[in-house]
Amino acid sequence: MRLSKDGVSTLRDDPQEAELASHKLMLRAGMIKKLSSGLYTFMPLGLRVLRNVEQIIREEMNRAGAVEILMPALQPREIWDRSNRYEVMGDGMFKISDRQHREMVLGPTHEEVITEIISNEIKSYRQLPRTLYQIQTKYRDEIRPRFGLMRAKEFIMKDAYSFDVGWDEADTSYDAMYNAYGKIFRRCGLRTKIVEADTGPMGGNRSHEFMALADAGEDGLLECPSCSYAANVERAERGAAEPKLFPDNEKEAEPVSTPGMRTVEEVSTFFKSSPDRLIKTLIYLADDKPIAALIPGDRTMNDMKLARAVGAETLILANEQTVLEATGAPVGFAGPSGLELPIYADMTLKGYKGALTGGNQADTHFINIDLERDATIEAFADLAFGETGDPCPRCNDGKLVAMRGIEVGHVFKLGTKYAKSFDATFLDAEGKEQLVVMGCYGIGVSRTLQAAVEQNYDKHGILWPMSLAPYKITMLGLQPDDEETMRICDNIVDAFRSSGEEVLFDERDERPGVKFKDADLVGCPIRIVVSKRSLEKGAAELKLRSSEDSEFVPIADIHERVMSIINKEMQN
RNA sequence: CGGGGCGUAGCGCAGUCCGGUAGCGCGCCAGCUUUGGGAGCUGGAUGUCGUCGGUUCGAAUCCGACCGCCCCGACCA
């Protein structure tokens, strides 16, 4: 590809719209262009990277025994009614209608379609197991699209679906995908962690997320360095901690006037105490009934954990009015002592003595609270988000470490949820009708691309892994006016082409500095410079994007030399 | 949905407070010089100042509504 006429345009300044390094770089390098919030065009270079990710996925999916198909993005409403997800997905789906006023949705995912198709297709246990996949555009009406390709309204996804005769057999299919995912992300040059995850609205009983590690990631995860435990922070358990005793822990509880002291910060400053000495009391509506939930003042409540502990279908934080009715005090002064509500306390509060709580009365807090002496606790449970330093739930000596990641893949064991909705059954060896057991497996293809940038850049631009680079080789011809230089460049390009490698050839009438800057920005891993200076030595200059050093290689050797670098790199 | 910020040339921005008919840098076009890390000089083109309405002799600037983009998010017990 010749740079002078293919319309690749780079930007010198960071676009105002972008915040994340990867987002800025993709825009600056001309890989993507925004049409509107959450909607992006893949420009020539970006599209080539996307195709490389897709190709890696196809190879590993096929190797794992999955078969590619392509389903419609546009789907009739009825199949979403059958699985009961038209309501569940709610505003997360784009809903449209055709000219007959028939209601349709733009598919955010394809469990419904695949199960509908497969329910007619599969009749006998002899046809199982099967795993089908597609690479396709998905549509989700995100609450807040952000960070370019990271969270878009329209994005490219690889989704796979497995069908098995039973639950144990489904684990085999699950493991095959799990292993394939590991290979895919490794080949994409990503550093990932595999974490236990919640199944959420998908349903099912086993689930892992593949997280590309990045400080800018939207997801939190916790890992134990001593054992293999790793989980999404939404789900991560914590090991038991030592009970906390604060000063004056044998004294009687006593009300103290705390005018206007509502926040943890205000109260702990007022009492010259650490925030964890204050027991935060939050009022929730659990299935429309008020409950209280307690956590240490320095912790954050995990609503999902609380809902599970309470056994509630719906859980929302109470509004000011409800708090006033339930506690007799305005927001900021709730406490467990004397509270006539079911009280759920975080497990770390067990044995808390000498603590501070709200007084259930305006401008009042209690000191010297012994939680189990001064309040009636319905249950102690793991309610708060885990944090760095919390004990590992699986091993004795481990301390959890928090990190952030980008969710690039997610695998679910679904079970029979969709099979039931779509009557997807087969006859087993005894001639009995059985429900197929399903799994589903997603990779954010376009997100993976951006995650790769987020993990591989420096102050000059992108450093593409060899496997994803839009072109593995970029060649700069520094004297485009010089016939001899151009002839040699063309020969080099032709030689690589006959080896199957297209070269990004910068033959623009630009000064050398511009070409160097753009080459660094675009981030092709191998750079060849052909110039008068190099030709005096009968050589081309070879430099890797990842290295500071360059060397002159005789023109006659450059092809072989570069191909060996590529081949070596691509084997990893 | 709530809170905050921003919309002025392809990109990055000034001008808005205090109304007088639009500017800077980069990029683009032409010419000359230059040619290994975002060149210099000269000349030039490019704008419904987000949209609609209002106030005014006069609006990028003041007022109102709307639209778009970005960031944060029940922060509170």
Side-chain angles (χ1 to χ4, degrees), chain A residues 7 9-20 23-24 27-28 30 33-39 90-91 141 143-148 151 216 218 258 261-268 275 278-285 290-301 303 315-320 322-324 326-327 329-336 339 341 343 356-362 364-366 459-461 476-482 485 506 508-521 527 529-536 541 543 548 550 552:
Chain A
S9 55
T10 55
L11 302 173
R12 295 197 177 200
D13 302 308
D14 282 336
Q16 190 230 4
E17 71 190 54
E19 194 80 2
L20 269 197
H23 188 194
K24 287 178 184 170
L27 288 166
R28 280 191 56 205
K33 287 206 187 293
K34 184 177 74 178
L35 174 64
S36 158
S37 180
L39 299 177
D91 292 336
D141 194 357
I143 295 174
R144 185 149 85 87
R146 55 186 139 174
F147 305 145
R151 184 170 293 280
E218 291 187 287
T258 53
M261 304 291 155
R262 292 163 171 275
T263 68
V264 170
E265 197 186 348
E266 286 163 353
V267 173
S268 50
L278 176 68
I279 298 174
K280 277 203 287 196
T281 304
L282 293 91
I283 309 301
Y284 282 85
L285 288 174
I291 61 157
L294 314 181
I295 52 170
D298 61 342
R299 291 281 179 167
T300 306
M301 183 69 76
D303 290 0
L315 185 81
I316 53 166
L317 199 64
N319 61 25
E320 289 177 27
T322 310
V323 171
L324 188 60
T327 68
V331 167
F333 300 99
L339 199 59
L341 295 174
I343 300 173
L356 308 168
T357 71
N360 295 324
Q361 200 184 119
T364 306
H365 280 79
F366 279 120
K459 64 181 174 181
H460 300 294
L476 317 186
L478 296 192
Q479 282 83 28
D481 295 339
D482 183 63
T485 304
D506 189 349
R508 293 176 299 175
D509 182 20
E510 289 286 355
R511 292 168 60 84
V514 174
K515 298 188 180 193
F516 287 129
K517 289 289 185 188
D518 275 347
D520 285 346
L521 179 59
R527 189 185 80 187
V529 176
V530 178
S531 66
K532 278 190 176 143
R533 185 183 292 184
S534 75
L535 291 178
E536 279 169 13
E541 185 187 359
K543 180 184 171 296
E548 289 299 314
S550 67
F552 288 99

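FYI, side chains are in, hydrogens and waters are out, and symmetry mates aren't considered; it's all heavy atoms of this structure. Each chain gets a letter, A, B and so on, in the order the sequences are listed, and its residues count up from 1. Nothing here was measured: the structure is a model prediction, and the numbers come from that model.
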Review point. So which one's nearest nucleotide on RNA chain B is more toward 5', Gly358(A) or Asp518(A)?
Key: Asp518(A)
Give each protein N/O atom lying under 3.5 Å from an N/O atom of nucleotides 3-7 of chain B, with the pair distance.
from	atom 1	to	atom 2	distance (Å)
C6(B)	O2'	Gln16(A)	NE2	3.4

Revision key, fill the gap. Checking A74(B), C11(B), C69(B) against the side chain of Leu11(A) (C-beta onward), the nearest is C11(B)
**Study point:** Beyond-backbone contact of Leu476(A) with Phe516(A), side-chain heavy atoms, under 4.5 angstrom
**Key:** yes
Check your understanding: Rounded to the nearest Å, what distance is computed from the CG atom of residue Asp303(A) to the C1' atom of nucleotide A74(B)?
Key -> 10 Å
**Study point:** Opposite nucleotide pairing with A45(B), Watson-Crick or G-U, both atom distances under 3.5 Å
**Key:** none
Practice item. Without swapping roles, check the side chain of Lys34(A) against the backbone of Gly148(A) for a donor-acceptor pair under 3.5 Å. Key: no
Check your understanding: Is the closest side-chain donor-acceptor distance between Ser534(A) and Glu541(A) under 3.5 Å?
Key -> no
Exercise for review: Please measure how far the P atom in G64(B) lies from the corresponding atom in A45(B), and state the result in whole Å.
Suggested key: 39 Å
Check your understanding: Base, sugar-phosphate alone, or nothing: which one does Leu294(A) contact when heavy atoms must sit under 4.0 Å apart?
Key -> nothing
Check your understanding: Sub-3.5 Å donor-acceptor pair from the side chain of Lys280(A) to the main-chain atoms of Arg299(A), do we have one?
Key -> yes
Exercise for review: Assign each of Arg28(A) and Val264(A) to its nearest nucleotide of RNA chain B by heavy atoms, then name whichever residue's nucleotide is nearer the 5' end.
Suggested key: Arg28(A)
Could you pull out the protein-nucleic contacts involving nucleotides 35-37 of chain B (nitrogen or oxygen on both sides, under 3.5 Å)?
from	atom 1	to	atom 2	distance (Å)
G36(B)	O2'	Arg533(A)	NH1	3.4
G36(B)	O2'	Arg533(A)	NH2	3.1
G36(B)	O6	Ser531(A)	OG	2.2
G36(B)	N1	Glu541(A)	OE1	2.6
G36(B)	N2	Glu541(A)	OE1	2.5
G36(B)	N2	Glu541(A)	OE2	3.0
G37(B)	O6	Arg527(A)	NH1	3.0
G37(B)	O6	Arg527(A)	NH2	3.4
G37(B)	N1	Asp520(A)	OD2	3.1
G37(B)	N2	Asp520(A)	OD2	2.3

Point to revise | Shortest side-chain distance from Glu19(A), nucleotide among C69(B), C11(B), C71(B) | key: C71(B)
